[in-house]
Participant: 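Got a structure for you, questions after.
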Amino acid sequence: MAGSCALERFELEAMPHLNDVLRTAARMTGDRARAEDVVQEVYLQAWKSFERFEAGTNCRAWLFKILFHCVHHERRKLLRFPILKATDEFIEANLVGPAPIPEKLTDGEILSALDSIPAEFRAVVLLVDIEEFSYKDVAEILGVPIGTVMSRLSRGRKLLRDRLTSVAQSYGIANAAQRGLRP
Amino acid sequence: MDAYIDNELLVETNVDVLQHIQECRPCADELNARTALRNRVRAAGQTEMVTPEFRVRVQQAVREEARPKRSRLWVQSVMAIAATGIAGVLISYQLGYLRWTAQSREAFISSISQRVSYTMRIGLGDHVHCAVFRKYPKEIPSAEQMTHDLGPEYKDLLPIVRNAVPNEYTIVVAHQCQYHGRHFVHVALRGRSGLASLVITKRSEGEAFTRDTLVPALAHSNPALYQASVSRFALNSFETRAHLVYFISDLGAKRNVEMLTAMAEPVEELLKRLES
């Protein structure tokens, strides 16, 4: 039957990306259970429009495009929009030269700093730094021009770095790291 | 510089950047810092998150969606025809009161069925039709009669159910029955506070509890129990390779899941024996 053949092809192409889609959904929604619901919806929508998906093109990027469509759809009620606090802006404006890379930070601290940057920057950092998409793919996934991807990435990485610096400073380890980097 | 790190520059531009970096210490430091951050974020973020349960959940949801729509329509139309047929026969017999009660029963079953998922409906319908509406016999059949009515394959359900439920519950029905053309194995219990049914039916192709919510505490139990509730009825269920098993009662969600949990393992074993 043609239907089961298409299903097999879908499972073969789409299921291997489940983990990547889920972890990005979790970082975008900030909630594991909600992320699972969104990802199930992504896969159902993907299946429904699978006939429009061209074989041989990038299935992973296509799934991420659907993911961000779904996330965007729920954004107003669901997504956390962290507000830039005055202190963050102050730190950002007053940082001079290359900020240190706090190597002693844990994965958890890095991820929670990532979670705290505004969604549009977080999305680009997730897609480029973690999911390793090209700028062109990210532009396609998010439906924005490539220049916007580049500026959001630059801004997102800077925000992330600043936040990590302030976390590190609170431990008093930033200076050591800075000395290490800038003798 | 970000584009350089991400390998997004043209080869010529890459060479220019490289040459500049060799001569400019601040830029080299900045490049190192950015590359280190990118690598650190990559390492922290590339985690394995998917549980086997979630993978199965998505796979089954897609498979259910992929099931040809006509099969669901087909079942619904058969059910509609059956319901119309029953109503028609009753009208032709001109048993006025029966006609109306039968119609209102069907209307009730269909109205509550619409509020639970397709696979849950199957067991709910039989419980409401057979245990709630048809009532159990006034004279509770003897154990021998029940064993006989269940048939050799399912007779072991009697001791399983008996041992699993508290003493205040009496087994009032144990038989095989038909509802809307489907075959069920049915054990009904009555206690002071309500009526409960264990309903087992053979699984047709594509039927699965996918879209229902797993009871969180029991997601890792074996078998995994599914849960739904509608009107005053609480439903829990699980599936084996070839069977769907339901426990339905008006005893509340907590009591309902406790009772099915108490008998799930031996029931599953019995069904697996039959399936092998």
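Labels below follow one simple rule: chain letters A, B, ... track the order of the sequence lines, proteins then strands, and each chain is numbered from 1. Note: hydrogens, waters and symmetry copies are ignored here, and every other heavy atom, side chains too, is used.
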Participant: Is the side chain of Arg182(B) donor-acceptor paired with the backbone N or O of Lys202(B) at a distance under 3.5 Å, no angle test?
Facilitator: yes
Participant: Output, in order, the C-alpha distance, side-chain angles, deciding distance and verdict of side chain to side chain contact (heavy atoms under 4.5 Å, CB included) for Cys27(B) and His20(B).
Facilitator: CA-CA 8 Å; Cys27(B) 281; His20(B) 175 76; 3.3 Å; yes
Participant: Let me know if Thr35(B) has heavy atoms under 4.5 Å from chain A in its side chain, its backbone, both or neither.
Facilitator: neither
Participant: Give me the one residue out of Arg203(B), Glu275(B), Lys272(B) that meets side chain to side chain donor-acceptor pair (under 3.5 Å) with Thr240(B).
Facilitator: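 The side chain to side chain donor-acceptor pair (under 3.5 Å) with Thr240(B) is passed solely by Glu275(B) among Arg203(B), Glu275(B), Lys272(B).
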Participant: At a 4.5 Å cut-off on heavy atoms, which part of Met150(A) comes close to chain B: side chain, backbone, both, or neither?
Facilitator: side chain
Participant: Checking heavy atoms, do the side chain of Glu36(A), its backbone, both or neither come under 4.5 Å from chain B?
Facilitator: both
Participant: In terms of heavy-atom pairs under 4.5 Å with chain B, which of Leu153(A), Ile130(A), Thr24(A) leads?
Facilitator: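 Most heavy-atom pairs under 4.5 Å with chain B: Ile130(A).
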Participant: So which residue, Met15(A), Glu132(A), Arg32(A), ends up with the most heavy-atom pairs under 4.5 Å with chain B?
Facilitator: Glu132(A)
Participant: Rounded to the nearest 0.5 Å, how far does NE2 of His243(B) lie from CD1 of Ile200(B)?
Facilitator: 7.0 Å
Participant: Got a donor-acceptor contact below 3.5 angstrom from the Arg161(A) side chain to the Ala33(B) backbone?
Facilitator: no
Participant: Pick whichever of Met1(B), Arg63(B), Glu8(B) has the most heavy-atom pairs under 4.5 Å with chain A.
Facilitator: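 With the most close heavy-atom pairs to chain A, the winner is Glu8(B).
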Participant: Select one option (side chain, backbone, both, neither) describing which atoms of Leu111(A) are under 4.5 Å from chain B's heavy atoms.
Facilitator: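 For Leu111(A), the contact with chain B is made by the side chain alone.
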Participant: So what's closer than 4.5 Å to chain B heavy atoms on Phe10(A): side chain, backbone, both or neither?
Facilitator: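 For Phe10(A), side-chain heavy atoms alone lie under 4.5 Å from chain B.
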Participant: For chain B, find which of Asp107(A), Val128(A), Leu160(A), Leu126(A) contributes the most heavy-atom pairs closer than 4.5 angstrom.
Facilitator: Asp107(A)
Participant: Nearest heavy-atom pair of Cys59(A) and Glu13(A): which atoms, and what distance?
Facilitator: SG-O, 3.6 Å
Participant: Check whether any side-chain N or O of Asn236(B) sits under 3.5 Å from a backbone N or O of Phe247(B) as a donor-acceptor pair, and report yes or no.
Facilitator: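 No; zero donor-acceptor contacts below 3.5 Å.
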Participant: Find the one option among Val41(B), Asp6(B), Ile5(B) whose heavy-atom pairs under 4.5 Å with chain A are most numerous.
Facilitator: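 Highest number of heavy-atom pairs under 4.5 Å: Asp6(B).
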Participant: Is Arg152(A) salt-bridged to Glu120(A), going by a charged N under 4.0 Å from an acidic O?
Facilitator: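 No, Arg152(A) and Glu120(A) are not salt-bridged.
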Participant: What part of Gln46(B) lies closer than 4.5 angstrom to a heavy atom of chain A: side chain, backbone, both or neither?
Facilitator: both
